[in-house]
2 protein chains.
Amino acid sequence: MAKIDEVAKAAGVSISTVSYALSGKRTISAETRRRIEQAVRELDYRPNAGARMLAGRRTNIFALTEPFRADTHAPAHMSFVLATSIAARRYDYDVLLLTDEEATAGMRRVASSGLADAVLVLDVAPDDERVGLARRLDIPSVFIGVPNDHEGLVCVDLDFEAAAALAVDHLAAAGHRSIGLVGHPPGAYLRSNFPPRVRAGFERRAAELGLDSSVERPEAGGTRGAAVRAAVEALLERGVTGLVLHCDDATHLAVLDALAARGLSVPGDVAVVSVGATFDTTSFQPPLDVIPLIPQASCDLAVDLAMQSMTPAPPAPGVRLIAPEYHEHGSVGEAADGSVAAHPPD
Amino acid sequence: MAKIDEVAKAAGVSISTVSYALSGKRTISAETRRRIEQAVRELDYRPNAGARMLAGRRTNIFALTEPFRADTHAPAHMSFVLATSIAARRYDYDVLLLTDEEATAGMRRVASSGLADAVLVLDVAPDDERVGLARRLDIPSVFIGVPNDHEGLVCVDLDFEAAAALAVDHLAAAGHRSIGLVGHPPGAYLRSNFPPRVRAGFERRAAELGLDSSVERPEAGGTRGAAVRAAVEALLERGVTGLVLHCDDATHLAVLDALAARGLSVPGDVAVVSVGATFDTTSFQPPLDVIPLIPQASCDLAVDLAMQSMTPAPPAPGVRLIAPEYHEHGSVGEAADGSVAAHPPD
DNA sequence: CGATATAGTCGAAGCGCTTCGACGACGAGC
DNA sequence: GCTCGTCGTCGAAGCGCTTCGACTATATCG
């Protein structure tokens with residue numbers, strides 16, 4: 001717990017010189033800097049956080065609001081929290097966690113007590129109460145996810161619509177004329193911002209290409225995949241030969257099981273593409289083509305934007321969509337009827 | 001962003017009176033307090049965090065170190081993070097998250113820069129590098145989990161040994177003479193502190209009661225429960241009629257599937273007890289008896305101890321084990337051979 | 001009834017840092 | 001040779017709060 005005056009004394013310079021050497025905000029001679037750095041090392045000096053906040057008007061802390069509701073899909077959300085935390089550390093920022101009811105109230109508290117320099121908003125609902133609050137806050141915020149009303153906000157996310165459209169493109173290019181989407185349960189469409197966007201992208205592109213399309217949104221868990229099985233049955237009965245999966249890993253498994261139970265092979269009889277997965281789709285049997293949701297991509301960008309928000313030239317409000325990437329793993333084959341269209345785009 | 005001097009002026013008192021009224025550290029007349037509180041409300045005053053830290057030598061922040069490694073079981077760990085955060089808020093404390101590589105290095109950084117008042121250590125490995133560091137830190141720490149070498153540390157956890165023993169007691173009381181443990185995969189016994197404790201409690205009590213006992217530790221995931229099925233087969237071949245489950249939810253499902261596939265019913269043919277689950281075991285088919293791991297219990301106690309660590313009378317180092325509780329849901333029946341022992345111990 | 005305790009309030013001294021303005025030294029330009 | 005600008009450094013003024021000691025007014029006691 002050495003203090004800056006001890007460093008100054010050890011290096012034979014004044015307190016302000018130490019401060020400038022450490023912050024780099026004024027030029028310091030190489031020799032002086034060397035002596036200061038050595039003193040810092042020898043004394044294991046680390047500036048006091050409170051003093052730094054008070055004098056520097058900067059906390060080096062991001063508040064991360066992530067409700068962690070009971071129905072939150074833990075693995076995906078944990079990935080985002082982790083990715084945010086890692087991204088923040090690149091700029092020497094720490095992450096303060098606001099969960100549960102405090103996810104909203106804490107934003108106000110933390111902002112007006114000057115505990116954080118910016119707020120990162122996770123697990124964004126379509127109609128999120130943190131939207132209005134963010135506009136009123138006197139520190140910047142960045143949303144990872146896109147609420148319905150996002151005017152004036154800085155948002156970052158995978159382009160889920162484009163991702164779904166890209167999946168449809170690949171199925172269409174392989175000759176599939178009737179395709180199905182296995183989506184999240186209906187409840188998720190109210191609580192989360194992205195399931196509706198996947199669905200919209202899926203249906204729009206299918207319509208543009210003149211494909212038959214259907215959507216099923218089975219409840220996950222429950223009686224051991226029965227709902228998923230029923231959903232798959234329903235899609236197959238409508239003649240679907242290409243499947244887009246936007247759901248959790250257990251539902252992925254259940255879909256593959258249901259297909260196997262019907263004696264259908266992937267990609268022989270049915271083509272399958274996973275969209276927006278944060279988990280590894282290559283460990284399924286068979287490995288699945290995927291347009292992944294990469295937390296690191298969103299979180300890195302979000303943190304960059306948060307940093308920029310604190311400069312004199314903050315980023316313009318608006319939605320930054322990350323372009324989807326298609327990863328082939330062999331789960332999409334030519335449609336059985338042979339009426340194959342052109343090659344997959346790109 | 002009103003400041004304390006504005007509150008003082010609005011209430012017609014001095015700055016120090018406002019401070020004392022807000023902290024309660026000196027007596028303030030009812031009338032004065034009323035005027036101050038009103039001014040605080042009208043100005044929406046909130047003390048500046050940095051100034052408070054600097055002057056008060058207290059951050060109102062707990063550092064929470066939780067590595068979130070790649071193989072971390074997300075739902076369980078998220079529950080602990082959430083429970084800790086909620087418990088901390090009860091004392092007006094915020095939680096700063098240290099993940100990944102920073103889980104260790106961040107402890108040192110946060111402690112010596114005075115960014116946190118105490119450290120809460122999650123996801124404790126048997127041989128955890130944070131143990132040595134915690135001893136050297138100049139702020140207190142509380143471990144949620146018990147490392148092998150815990151001398152001088154304050155630790156909190158479910159009494160996993162007693163929990164496993166309690167499960168064995170119930171199986172024995174129902175007349176089961178040959179019992180099996182389905183534990184976490186072998187790797188988890190190195191990374192986590194509690195699987196070995198469950199195993200030890202299981203084997204010790206089985207030996208004390210003169211039961212035949214076997215342990216299987218199937219790899220989870222992978223080829224769709226094949227390892228779990230094999231483990232169950234192996235146990236059944238050894239004549240096991242009572243099963244203790246200490247594993248993730250997917251493995252629970254796989255075990256029940258494997259039993260069903262053999263045409264065995266629960267509790268008719270096989271008795272099943274789940275130990276240390278953080279998930280709901282009543283949604284299985286059938287609902288399972290359980291000795292749950294309740295994150296809230298551990299985290300509340302941990303936060304209480306952390307608070308007490310900052311008083312002039314810190315808690316004595318040592319392991320605080322939380323007594324296990326048995327919840328009956330009908331998955332344990334009398335053993336088939338009829339040689340039933342006494343009733344389950346309370 | 002004077003000595004003493006107690007309640008209620010205030011002023012001022014920090015807490016450890018950042019940053020502004022100033023100043024000396026020195027090289028460049030005229 | 002003198003002025004000017006730049007580089008490197010320093011002193012000191014805060015940042016907004018907590019807390020110590022002191023002071024007044026009132027209550028308590030022998």
Side-chain angles (χ1 to χ4, degrees), chain A residues 1-37 39-40 43-61 92 110-117 138 310 312, chain B residues 1-37 39-40 43-61 92 110-117 138 310 312:
Chain A
M1 286 283 205
K3 297 182 301 179
I4 195 170
D5 56 343
E6 303 177 43
V7 176
K9 192 175 302 172
V13 296
S14 75
I15 287 179
S16 51
T17 302
V18 174
S19 179
Y20 284 122
L22 261 33
S23 70
K25 291 187 182 171
R26 283 200 184 174
T27 47
I28 297 287
S29 72
E31 165 57 14
T32 304
R33 156 169 293 117
R34 202 196 50 62
R35 288 211 314 282
I36 292 176
E37 279 166 0
V40 164
L43 297 170
D44 192 29
Y45 168 72
R46 214 119 29 183
N48 179 82
R52 219 225 282 241
M53 284 188 205
L54 182 57
R57 290 114 185 304
R58 176 181 253 262
T59 65
N60 276 51
I61 292 177
D92 199 29
V110 154
S112 64
S113 68
L115 225 191
D117 294 332
D138 30 38
M310 303 175 326
Chain B
M1 287 282 208
K3 296 181 302 178
I4 196 170
D5 56 344
E6 305 176 42
V7 175
K9 192 176 301 171
V13 297
S14 73
I15 288 179
S16 53
T17 303
V18 174
S19 179
Y20 284 124
L22 262 32
S23 71
K25 291 188 180 170
R26 283 200 184 173
T27 46
I28 298 288
S29 72
E31 165 58 13
T32 304
R33 156 171 291 116
R34 202 197 49 62
R35 287 212 315 282
I36 292 174
E37 280 166 359
V40 164
L43 297 171
D44 192 30
Y45 168 72
R46 215 119 29 183
N48 179 82
R52 219 224 281 242
M53 285 187 203
L54 182 57
R57 288 113 184 305
R58 177 180 253 261
T59 66
N60 276 51
I61 292 177
D92 199 30
V110 153
S112 62
S113 67
L115 225 191
D117 294 333
D138 30 38
M310 303 175 327

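Order of the sequence lines sets the chain letters (A, B, ...), proteins ahead of strands, with each chain counted from 1.
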Exercise. State whether A:Thr27 places a side-chain N or O below 4.0 Å from either non-bridging phosphate oxygen (OP1 or OP2) of D:dT6.
Key: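 It does not, given that no N or O in the side chain of A:Thr27 lies less than 4.0 Å from OP1 or OP2 of D:dT6.
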
Quiz item: Within the pair A:Ser29 and D:dC7, is there a side-chain N or O less than 4.0 Å away from OP1 or OP2?
Solution: no

Show me the protein contacts with nucleotides 23-25 of chain C, counting only N or O atoms at under 3.5 Å.
none

Would you mind reading off the distance between [X] atom [atom1] and [N] atom [atom2], rounded to a whole angstrom?
X: B:Leu54; N: D:dC15; atom1: CG; atom2: P; answer: 13 Å
X: B:Ile36; N: C:dG8; atom1: CD1; atom2: C1'; answer: 11 Å
X: B:Asp5; N: C:dC10; atom1: CG; atom2: C1'; answer: 15 Å
X: A:Met53; N: D:dC15; atom1: CE; atom2: C1'; answer: 13 Å

Distance-only donor-acceptor hits, side chain of residues 48-57 of chain A, under 3.5 Å, sequence neighbours excluded:
none

Practice problem: Measure the angle between the two terminal helix axes of the helix from C:dC1-D:dG30 to C:dC30-D:dG1, five base pairs each, and quote it to 10°. | Solution: 40°

Self-check item: Nucleic acid contacts of residues 7-14 of chain A, taken as heavy-atom distances under 4.0 Å to DNA chain C
Solution: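 Within this stretch, nothing sits under 4.0 Å of the strand.
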
Kindly give the atom pairs (protein nitrogen or oxygen, nucleotide nitrogen or oxygen) under 3.5 Å for nucleotides 18-20 of chain D.
| residue | atom | partner | partner atom | Å |
| --- | --- | --- | --- | --- |
| D:dT18 | OP2 | B:Ser19 | OG | 2.8 |
| D:dT19 | OP1 | B:Lys25 | NZ | 3.4 |
| D:dT19 | OP2 | B:Lys25 | NZ | 3.0 |
| D:dC20 | N4 | B:Tyr20 | OH | 2.7 |

Exercise. List in chain and number order the residues that pass side chain to side chain donor-acceptor pair (under 3.5 Å) with B:Arg58, two or more places apart in sequence or in another chain; answer none if no residue qualifies.
Key: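 For B:Arg58 the side chain to side chain donor-acceptor pair (under 3.5 Å) partners, ignoring immediate neighbours, are B:Tyr93.
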
